Amino acid sequence: MTAADPGEVVQDHDQHPLFLPVVFLGGLVFGVGLALSEMAKPEVVLSFLQFEDFGLLFVMLGGAAVTGLAFFGAPLALGRAPLTGARYGRRLKSLDRNVVLGGGIFGVGWGLSGICPGAAYASLGIGNYAILWGIAGMFVGAYAQAYWRSSPASAGTDATAAD
């Protein structure tokens, strides 16, 4: 089996019946990991952002190491996703103004709410219902960006195949 061409959008996973259960299982494992490591608590994340507690750094490095092994090792060993059988493919995106601007806005939102989107959902699981305001803000922000991106005034500006 060959790797996807750079820039090719791989959509095999959308058609496989195991895709959504596997996504659910992955989210469940991710959420349990965040809750066990206490990274679903905004006060822990804010302590990290204030350089008082570096536990988040170790959690992120551990997660990146495991993900890196799976992301780079599995395609080499299997050539396909182990449960769904779908091809692995990379989604390439160039560093452009939208990535820099979006990353900056994401960082400000993370700093204000004290939690990233994935951890926000896990935070609900440990009873932090105040985070619903942050989750609502994420949806409103994503909707506003999509609305702005689809407006005729922004047509033809910076849209790429990866968007």
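Owing to the predicted nature of the structure, the values given are computational and were not obtained by experimental measurement.
Placement of Val66 and Phe58 in two distinct hydrophobic clusters is found when ILVMFWY residues are connected by side-chain heavy-atom separations under 4.5 Å, directly or transitively. In the hydrophobic clustering of ILVMFWY residues, with side-chain heavy atoms under 4.5 Å counting as a link, Leu34 and Phe54 come out together. Follow the hydrophobic side-chain contacts under 4.5 Å out from Leu56 and you reach Phe30 in the same cluster. Linking Ile, Leu, Val, Met, Phe, Trp and Tyr whenever their side-chain heavy atoms come within less than 4.5 Å leaves Met39 and Val29 in two separate clusters. No continuous path of ILVMFWY side-chain contacts below 4.5 Å connects Leu49 to Leu112, so the two sit in separate hydrophobic clusters.
Using a 30° and 60° split on the angle between ring planes, Trp110 and Phe106 fall in the tilted class, from 30° to 60°.
For the pair Ser37 and Val59, the tightest heavy-atom approach, listed with the atom from each and the gap, is CB-CG2, 3.7 Å. Residue Ala40 comes nearest to Ser123 through the heavy atom pair O-OG, 3.0 Å, listed as atom of the first residue, atom of the second, then distance. Taking each heavy atom of Ile126 and Ala35 in turn, the nearest pair found is CG2-CB, 3.8 Å.
Taking Ile, Leu, Val, Met, Phe, Trp and Tyr as members and joining any whose side-chain heavy atoms lie under 4.5 Å apart, directly or through other members, the hydrophobic cluster of Ile135 also contains Ile115, Tyr121, Leu124, Tyr129, Ile131, Leu132, Met138, Phe139. Taking Ile, Leu, Val, Met, Phe, Trp and Tyr as hydrophobic and joining them when side-chain heavy atoms fall under 4.5 Å apart, one finds Leu76 isolated, its cluster having no other members.
Side-chain contact check for Asn98 versus Arg149: some heavy-atom pair is nearer than 4.5 Å. Considering only heavy atoms from C-beta on, Asn128 stays 4.5 Å or farther from Lys41 through its side chain.
For the residue pair Asp53 / Ser47, no side-chain donor-acceptor distance below 3.5 Å is found, with atom types taken as modelled.
Between the CD atom of Glu43 and the CD atom of Glu38 there is a distance of 8.5 Å, given to the nearest 0.5 Å.
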